[in-house]
Amino acid sequence: MKSRFPDRVRDIVRKIKKGKTMTYGQVALAAGHPGAARAVGLVMKNNYDPTVPCHRVVRADGKIGDYNRGGEARKRKLLEEEGAL
DNA sequence: TAGTTGACCGGAA
DNA sequence: ATTCCGGCCAACT
C-alpha cells in the first residue's frame, strides 16, 4: 500500500465526525507523519475535494486557522453550524 | 540537487 | 495575553 501523504491526509480528514475537530498536528500524526502539520496544510490548500471536510481541521492553539474560501470567517461559521463550536 | 514557500507547532521574550 | 524565533515536513521552482 503506497498511499501518498496527501491521499492519507484526505482519508483521515474525511473520517472526522460531524461536530468534531482535529488539529493539523493530530491529522499529521494519524497519517503516520508526526510533526508534518505544515505539510497537512499544504495538502488542504491544494485539495478542493468537497468530500473532505477540511474546515474541521483547526490549529493546535485553538484558533480557527485559514481557509481556501472565505477565510477564517467561513470556516468558523461552518463549525458553528455543525456544532463543533 | 538545492533553495524557497506555506491553511503549522511549541517554546521563549 | 501577544509577539518573535526556530524547527518540522512535503510540494513547487
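From a predicted model like this one, the values you see are computed outputs, not experimental measurements. Within every chain, numbering begins at 1; the chains are lettered A, B, ... in the order of the sequence lines, protein sequences first and strands thereafter.
Within residues 4-13 of chain A, the residues approaching DNA chain C are A/F5, A/P6, by heavy-atom distance under 4.0 Å.
Within the model, atoms CZ of A/R14 and OG1 of A/T51 stand 4.0 Å from one another, a figure rounded to the nearest 0.5 Å. With values rounded to the nearest 0.5 angstrom, A/M44 atom CE is found 13.5 Å from A/D66 atom CG. Expressed to the nearest 0.5 Å, how far OG1 of A/T21 lies from NE2 of A/H55 amounts to 10.5 Å.
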- Which letter, B, S or -, goes with each nucleotide of nucleotides 5-10 of chain B from 5' to 3', with contact meaning a protein heavy atom under 4.0 Å? -BBBSS

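Of the candidates A/V9, A/V52, A/V27, A/V13, A/V9 is the only one forming a side chain to side chain contact (heavy atoms under 4.5 Å, CB included) with A/V43.
Partners of A/K45 by salt bridge (charged side-chain N to carboxylate O under 4.0 Å, His left out), not counting sequence neighbours: none found.
With DNA chain C read from its 5' end, the first of the two nearest nucleotides for A/K63 and A/H33 is the one closest to A/K63.
Look at A/D7 and A/R10 and you find a salt bridge, because one of the NZ, NE, NH1 or NH2 atoms lies within 4.0 Å of a carboxylate O, short of that distance.
Distance alone, capped at 3.5 Å, is enough to place a donor-acceptor pair between the A/N46 side chain and the A/L42 backbone.
Both A/V40 and A/I16 are assigned to one and the same hydrophobic cluster, defined by single-linkage of ILVMFWY side chains at heavy-atom distances under 4.5 Å.
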